[in-house]
Amino acid sequence: KGPTNVINSVAYFPDGCHIVSASQDKMGIVWDVESGRQDGKRLHHNSIVKSMAISPDGRRIASGTEKGSLDVWDTLTREVVHEIKGDGVYRLAYSPDGRWIVSAPIVDEWVVRLWDADTGRPGREPLKCDGGVYCVKCMSITTDGRKIASGGWDDTVRPGVWDLETRLQVGDSFDAPGWLDSVAFSTDSRYVGGGRDNDVCIFDTESFATQGSVNTFILLQYPFKLSTSVFPAHR
């Protein structure tokens, strides 16, 4: 039997044979892709599960709940190895090298937090994003793990790109046409895509850094939502 309520997030394991789902019924479930059946024990939470992320080696599952903690689970035993208390997590991601877990909290502050994936402890000071009074709803990390893009819910949303080592914003913020539900880097890290409803914007991370112009994005009208995964390089 599958989830009994809305699915908020899904993530593939590195082997491509399994996925994990996060749902409103406070469950995380690992699925066998080929059979479509549940694989192993469910991950029980005390609150609605908003996001899931898989470590690059597939050995850990990170889950974030709406009103509780960020939990790190052992993939084989399905037991919690780290429990990070907090005010709720909206979005999660692992850095490509597996060193960091990056989270966007469900609080009235425009920040992205980094956690040491091995210890579950805060790894660095929160990354304070530009503008905004509500929350970061989406984020993406480059394949080399050096930069992060974020966007979210706010009438004055200012999505942009930050260097994870220096903690500094790279160039100016993007001038998006509204809220962003999702962002993703191209595989060459040159472009950032962001979208909501039927709108998808492509931001050029080179020209915005030197010009800071609203003409650095291309607005496309397609009936789909952009995934939070890395998409192919724009041509």
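Keep in mind that this is a model prediction, so the values were computed, not measured.
In plain terms, the two heavy atoms of Arg60 and Val72 that are nearest each other are CD-CG1, 3.8 Å. When all heavy atoms are compared, the tightest approach of Met52 to Ser21 is CE-O, 3.8 Å. The minimum heavy-atom distance between Arg78 and Lys41, with the atom names listed, is NH1-O, 2.8 Å. Contact record, Thr142 with Pro96: O-CG, 3.3 Å, taken as the closest heavy-atom pair. In this structure, Asn8 and Arg91 approach most closely via the heavy-atom pair O-NH1, 4.4 Å. Annotation for Asp57 and Pro14: closest pair C-CG, 4.3 Å, computed over non-hydrogen atoms.
Annotation for Asn46: atom CG does not count as buried by contact number, only 12 or fewer foreign heavy atoms lying within 6.0 Å.
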Can you check side-chain contact (heavy atoms from CB on, under 4.5 Å) on Tyr12 and Val33, steps first, answer last? CA-CA 9 Å; Tyr12 261 97; Val33 172; 3.8 Å; yes
Test Leu164 against Arg146 for side-chain contact (heavy atoms from CB on, under 4.5 Å), laying out the working first. CA-CA 6 Å; Leu164 287 177; Arg146 298 174 61 183; over 6 Å; no
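Taking the side chain as every heavy atom from C-beta outward, Asp116 and Arg99 never approach each other to under 4.5 Å. Using a 4.5 Å heavy-atom cutoff, the side chains of Lys147 and Ser189 are not in contact. The closest side-chain heavy-atom distance from Ile84 to Val89 is not below 4.5 Å. Here the side chains of Tyr94 and Ile141 are not in contact, with every heavy-atom distance at 4.5 Å or above.
If you take OG on Ser95 and CD1 on Ile101, they are separated by 8.5 Å, rounding to the nearest 0.5 Å. For the atom pair Arg59 CZ and Asp74 CG, the distance stands at 7.5 Å (nearest 0.5 Å). Note that CG of Asp32 is 11.5 Å distant from CD of Gln38, once rounded to the nearest 0.5 Å. A distance of 10.0 Å separates CG in Asp15 from CD1 in Ile54, rounded to the nearest 0.5 Å. Atom CG in Leu43 sits 9.0 Å away from atom CG in Asp71 (nearest 0.5 Å). From Lys26, atom NZ reaches atom NE2 of His44 across 12.5 Å, with rounding to the nearest 0.5 Å.
Hydrophobic clustering (ILVMFWY, side-chain heavy atoms < 4.5 Å, transitive): Val80 and Val30 are in one cluster. Placement of Ile19 and Val49 in two distinct hydrophobic clusters is found when ILVMFWY residues are connected by side-chain heavy-atom separations under 4.5 Å, directly or transitively. Val112 and Trp100 fall within the same hydrophobic cluster, where Ile, Leu, Val, Met, Phe, Trp and Tyr residues are linked whenever their side-chain heavy atoms come under 4.5 Å apart, directly or through other members. Linking ILVMFWY residues whenever their side-chain heavy atoms come closer than 4.5 Å, directly or via other members, leaves Ile48 and Met27 in distinct clusters.
Although no hydrogens or angles enter the test, the distance criterion places no donor-acceptor pair under 3.5 Å between the side chain of Ser69 and the main chain of Glu83. A donor-acceptor contact shorter than 3.5 Å is absent between the side chain of Ser47 and the backbone of Thr65.
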